[in-house]
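Structure first, then comments.
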Amino acid sequence: MWRRQSTVLTVCCLSVLLVSLDTTILNVALPAMQRDLDSSVSGLQWTLDAYTIVLASLLTLAGSTADRVGRRRIFRLGLVLFTAGSALCSLAPTLGWLVVFRMVQALGGCMLTPVAMAILTNTFTQPRERARAIGLWGGVVGISMAAGPILGGALVQWAGWRSVFWLNVPIGLAALLLATLYVPESRAPRARRIDPVGQFLVITFLSTLTYAIIEAPDQGWTSPPVVACLSTAAGALAGLVPYENHRTEPLIDPRLFRSAPFSGATATAVFAFAALGGFLFANTLYLQRVLGLSPLDTGLHLLPMAVLSVVCPPLSGRIVGSRGPRIPLLLAGAGITASGLLAVLVTRSTHPSHALLALTYALFGLGFGFVNAPITDTAVSGLPRAQAGVAAAIAATSRQVGTSLGVAVIGAAIAAGTRPAAWWIIAGCGLAILVLTTVTTTRTPLGGGTATVRP
């Protein structure tokens, strides 16, 4: 029994490794991709955002579909699509095809993370075993954060940017074989209904808003395509709220946002992951294009951020369990703000201090390392237990939305020739986290326990 459970855990860890490693490893390859495919900055943005938009739009749908037709079946389909998409990305002849193949990857990726969590919950039925398994599964994300930049830098330097996609193929095939042999099939007793109209409005909102932000520096904010996209995004959002309010089982329930802790956690996730997506994008281009570092040296320079992103989450989880989410969120906001402000000063010099660069990256890693545990805790703490799963799904989606917007906004600042603005935006994201934490959480009473929240 334990051997079978361990194998299922291994399969689920391989799946999250595929999704999370692909995000961190790809950033180091961006300058090499730009040279080889003759791409603009906006083209690089689309290679990242095409993936995250699809992922953000379809996470909830993938989870509910797996509950309905079978988690093992959807999980295996996700592995096939992600592995095939990775192989196609490595062969992409042009930037346009690379963006299309990244979307194929994302179609598979949206079926992996939420479904793997459901498979683990169904396999490990004892609370203590389940908590340990989920902890190991989540720890793989931290490992990918640490290994991604260095592994990506080494692969790009020695084998070219296409090798970062080759890496996914053997991992995906191994996970697919193990899933076929050992993962049991399971379904939910009662699956949520599909919400096609809500799904369409969410996709429309995210895609048109991102397009407008990415393309505005080249086409102008008043150009017809950009204005049309902004208008469409506003219309989709305006239509989404009343439509979802009238559904019995909405894709995104607007009533959840009446809870101040939930709204604060969702907004915090958007700002934190916008800072992460923009930080990785901006610094990869800065280190390689401005300072002239090699891909491997770029990965090594980002190591302080990666190490603290691994070390801090367990500590953050302990503090959340004993003192509530307020302290980790304040540390997260302070670290990200300080990192952005220090980057403004450090990058002014044509020969910046490597020690100050390392401190900049360490501060960001510290801030980001403290943010994940309190986001999930705060999102569900102010809601009935029956809504905890929906709240966690929306929190996961908000992370992808934040990453997409961060790459779009900060990439737009770089494309417009205002690189210092990128660091100010990152600092602003950290400051927003501090403000949201102050508004939506209160201090925990002496004796520990979950933080009290304002209604």
Side-chain angles (χ1 to χ4, degrees), residues 49 52-65 67 106 110 114 191-214 216 221 225-274 375-376 378-406 408-409 429 432-433 435-437 439-441 453-455:
D49 274 353
T52 53
I53 289 171
V54 173
L55 207 62
S57 301
L58 300 180
L59 274 173
T60 304
L61 175 62
S64 61
T65 302
D67 288 342
C110 74
R192 288 170 59 85
R193 295 179 182 176
I194 296 177
D195 181 6
V197 175
Q199 189 71 65
F200 172 77
L201 291 173
V202 168
I203 294 173
T204 300
F205 169 71
L206 291 176
S207 58
T208 53
L209 178 62
T210 304
Y211 178 91
I213 295 173
I214 289 177
W221 286 100
V226 172
V227 171
C229 283
L230 289 174
S231 301
T232 302
L237 181 61
L240 178 66
V241 175
Y243 177 79
E244 296 291 81
N245 270 328
H246 287 87
R247 281 188 62 87
T248 305
E249 293 182 344
L251 179 72
I252 298 175
D253 191 346
R255 289 165 291 192
L256 294 177
F257 292 90
R258 296 173 185 172
S259 164
F262 178 78
S263 297
T266 302
T268 298
V270 172
F271 282 115
F273 279 79
I375 283 175
T376 303
T378 307
V380 302
S381 63
L383 297 173
R385 186 171 297 179
Q387 294 176 304
V390 178
I394 294 177
T397 300
S398 65
R399 291 176 172 93
Q400 300 300 328
V401 172
T403 302
S404 177
L405 292 178
V409 173
C429 288
I433 294 172
V435 173
L436 287 167
T437 302
V439 171
T440 60
T441 65
V453 294
R454 296 177 181 175

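FYI, the numbering just counts along the sequence from 1.
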Do Leu201 and Thr204 make a side-chain contact, defined as non-hydrogen atoms from C-beta onward lying under 4.5 Å apart?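 When only atoms from C-beta onward are counted, Thr204 and Leu201 do not touch, as no gap falls below 4.5 Å.
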Give, for atom [atom1] of [X] and atom [atom2] of [Y], the distance between the pair rounded to the nearest 0.5 Å.
| X | Y | atom1 | atom2 | value |
| --- | --- | --- | --- | --- |
| Arg399 | Thr268 | CZ | OG1 | 11.0 Å |
| Leu237 | Thr232 | CG | OG1 | 12.5 Å |
| Asp49 | Leu55 | CG | CG | 11.5 Å |
| Leu405 | Leu206 | CG | CG | 7.5 Å |
| Leu59 | Thr397 | CG | OG1 | 5.0 Å |

Considering all heavy atoms, the nearest Ala267-Leu436 contact: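 Between these two residues, the closest heavy atoms are CB-CD1, 3.7 Å.
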Closest heavy-atom pair and its distance - Leu240, Gly198: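 Answer, listing the atom of Leu240 first, then Gly198: CD1-O, 3.9 Å.
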State which residues pass side-chain contact (heavy atoms from CB on, under 4.5 Å) with [X]; sequence neighbours excluded, sorted by chain then number.
| X | answer |
| --- | --- |
| Ala274 | Cys429 |
| Leu230 | Leu209, Ala212, Trp221, Val226 |
| Ser263 | Phe257 |
| Val435 | Val439 |

So does Ser57 get a backbone contact from the side chain of Gln199, meaning a donor-acceptor N/O pair under 3.5 Å? yes
Is a side-chain N or O of Ser404 found less than 3.5 angstrom from the main chain of Gln400, in a donor-acceptor match? no
For Phe200, which residues count as a ring-ring contact (aromatic ring centres under 6.0 Å, His included) partner, sequence neighbours excluded?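 In terms of ring-ring contact (aromatic ring centres under 6.0 Å, His included), with neighbours along the sequence ignored, Phe200 is linked to no residue.
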Listed partners of Phe273 passing ring-ring contact (aromatic ring centres under 6.0 Å, His included), at least two apart: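 By the ring-ring contact (aromatic ring centres under 6.0 Å, His included) rule, Phe273 matches Phe368.
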Tell me the salt bridge (charged side-chain N to carboxylate O under 4.0 Å, His left out) pairs involving residues 234-247, sequence neighbours left out? Asp195-Arg247
I'd like to know whether Val401 forms a side chain to side chain contact (heavy atoms under 4.5 Å, CB included) with Ile53, so could you lay out the CA-CA distance, the side-chain angles of the two residues, the decisive distance to 0.1 Å, and finally the verdict. CA-CA 7 Å; Val401 172; Ile53 289 171; over 6 Å; no
